[in-house]
Amino acid sequence: MFITLEGMEGAGKSTLLQGLHKRFQAAGHAVALTREPGGSHIGGALRSILLSPQSSLANETELLLFLADRAQHVAEVIRPALADGKVVLCDRFADSTMVYQGCGRGFDPDLLYTLNDVAVAGLWPDTTLILDLPPEEGLRRAVQRNKTLCKTDDEGRFEAETLTFHTRIREGFLTLAAQHPHRCVVLDAQQSPQRLLDAAWACVCSRMAAKRC
Ligand code: TYD
């Protein structure tokens with residue numbers, strides 16, 4: 001089963017991912033925990049370029065680097081893990097490109113879908129959990145997190161975007177969820193981490209049961 005987590009910065013994806021990882025393990029599943037950008041061997045270098053505030057990237061370069069990162073990640077990490085029977089939990093995937101490079105940077109959604117399909121080589125997630133919260137709150141949490149982890153200088157390029165940009169990102173994820181109701185579930189990221197985990201776990205359990213039927 002291939003599960004992706006999506007949402008704006010500061011939505012709590014990493015915390016939720018750790019919680020889901022523990023629950024899957026407790027239920028006896030082997031799990032591969034991964035993320036984009038940066039999930040593959042060469043992905044670390046691509047991540048530094050993509051997220052550094054020092055990188056001055058043309059929008060086209062940014063788009064193609066995210067796609068290159070994804071193509072390698074699918075080939076090297078995700079597809080082999082699924083073939084081994086693992087549950088794959090991935091922090092961000094193709095929907096981030098649809099929303100950030102589409103609604104954020106203005107690329108045509110049909111073009112992005114086609115390019116994504118090349119990068120994933122037909123491998124789309126079974127379930128996508130979209131963590132939703134007001135952009136002001138997400139940005140506040142993300143800026144605080146980056147300060148605490150001293151990441152502002154190396155990974156703050158998207159957090160430095162305007163509130164208008166992040167408002168478009170939120171709307172983009174909600175629109176995408178409405179377009180793919182069988183794959184995407186929107187979860188309220190303002191509830192407590194424990195309640196969010198319970199809601200996400202209930203959702204993936206029902207999806208897994210439906211997949212077995
Ligand atoms: P990261 O620190 O991994 O995530 P978060 O801040 O959500 O914890 O940052 C990844 C950034 O890259 C995030 O701002 C979204 C952006 N991004 C894209 O613009 N396009 C993409 O295809 C992906 C995967 C991420």
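Order of listing sets the numbers, starting from 1, for every ligand and every atom in it. Source: prediction; values computed, not measured.
Counting heavy atoms from C-beta outward, E36 and D69 have side chains that approach closer than 4.5 Å. Side-chain contact between V204 and F24 is present, with heavy atoms from C-beta onward closer than 4.5 Å. Counting heavy atoms from C-beta outward, L131 and L196 have side chains that approach closer than 4.5 Å. Between F93 and F2, some side-chain heavy-atom pair lies under the 4.5 Å cut-off.
Residue-level contacts of ligand 1 at the 4.0 Å heavy-atom threshold are E9, K13, E36, P37, R47, L51, F66, R70, R92, S96, T97, Y100, Q101, R145, F158, E159.
Side chains of H41 and E76: a donor-acceptor N/O pair is absent below 3.5 angstrom, by distance only.
A salt bridge links E137 to R141: one of the charged nitrogens lies within less than 4.0 Å of a carboxylate oxygen.
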